[in-house]
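Worksheet: the structure to be examined is printed underneath.
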Amino acid sequence: VQLVESGGGTVQAGESLRLSCAASGSTFDDHAIGWFRQVPGKEREGLSCIKKSVGRPYYTDAVKGRFTLSIDNAKNTMYLQMNSLEPGDTGVYYCAAGYCAPGPQGRSFFYTMDYWGKGTQVTVSS
């Protein structure tokens, strides 16, 4: 499995970015896939994850309503549309493949990811 992120950059607070994750082979069929980020000084956190068999992404509360995960199966590409960006969203964003499941009452999700991309930097200035 190979995962390559792109689309990061520097934006001002309130603006939008769309990240892309190009996946190899049958990644979307064989694994759950998702977006994660590493913010300076904090642990890596899961943002959104989807299983093709379920079809509906899971989101962590911090990004619900602002970020949208989507998949283009024909292009083997996953996207993360990020709106209303805040300085606290600054970090390195990764896509990953593995396993995820919804958390209690549908809040956030659990995950164990086996394959990771190298990440793309997102910087949001105030």
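These figures come from a predicted structure and were not determined experimentally.
In this view, Tyr99 satisfies the ring pair (Phe, Tyr, Trp, His ring centres under 6.0 Å) rule with no residue, not counting sequence neighbours. With sequence neighbours excluded, the residues satisfying side-chain hydrogen bond (donor to acceptor under 3.5 Å, both in side chains) with Gln81 are Asn83. For Phe109, the ring pair (Phe, Tyr, Trp, His ring centres under 6.0 Å) partners two or more places apart in sequence, or in a different chain, are Tyr111. Tyr94 is linked by a ring pair (Phe, Tyr, Trp, His ring centres under 6.0 Å) to nothing, counting only residues two or more places apart in sequence or in another chain. Partners of Glu45 by salt bridge (charged side-chain N to carboxylate O under 4.0 Å, His left out), not counting sequence neighbours, listed by chain and number: Arg37. When the side-chain hydrogen bond (donor to acceptor under 3.5 Å, both in side chains) test is applied to Arg66, the partners found at least two apart in sequence or on another chain are Asp89. The side-chain contact (heavy atoms from CB on, under 4.5 Å) check on Ser26 picks up Asp29, Asp30, with sequence neighbours excluded.
For the pair Ser108 and Thr60, the tightest heavy-atom approach, listed with the atom from each and the gap, is OG-OG1, 3.6 Å. Between Ala32 and Lys51 the shortest heavy-atom distance is CB-CG, 3.5 Å. Shown here for Thr27 and Ala97, the closest heavy-atom pair between the two residues is CG2-CB, 3.9 Å. Of all the heavy atoms in Phe36 and Ala96, the pair that sits closest is CE1-CB, 3.7 Å.
Cluster partners of Tyr115, using a side-chain heavy-atom cutoff of under 4.5 Å among ILVMFWY residues and allowing indirect links, are Val1, Leu3. Hydrophobic cluster membership of Leu19, counting Ile, Leu, Val, Met, Phe, Trp and Tyr whose side-chain heavy atoms lie under 4.5 Å apart directly or via other members: Val11, Leu17, Phe28, Ile33, Trp35, Leu47, Ile50, Tyr59, Val63, Phe67, Leu69, Ile71, Met78, Leu80, Met82, Leu85, Tyr93, Val122, Val124. The hydrophobic side chain of Phe110 is isolated, with no ILVMFWY side chain under 4.5 Å apart from it. Other members of a hydrophobic cluster containing Val4 are absent, since no ILVMFWY side chain comes under 4.5 Å of it, directly or through relayed contacts.
When side chains are defined from C-beta on, Tyr79 does not count as touching Cys21, because their heavy atoms never get closer than 4.5 Å. Here the side chains of Arg44 and Trp116 are in contact, with some heavy-atom distance below 4.5 Å.
Looking at Glu5, its side chain does come within 3.5 Å of a backbone N or O of Cys95 through a donor-acceptor pair. Not one N or O on the side chain of Gln38 forms a donor-acceptor pair closer than 3.5 Å with the backbone of Val92.
The environment of Lys75 atom NZ is sparse: at most 12 non-hydrogen atoms of other residues, nucleotides or ligands sit within 6.0 angstrom.
Counting only residues at least two apart or in different chains, side chain to side chain donor-acceptor pair (under 3.5 Å) contacts with residues 117-126 comprise Gln121-Thr123.
One finds the CE atom of Met113 at 6.0 Å from the SG atom of Cys100 (value rounded to the nearest 0.5 Å).
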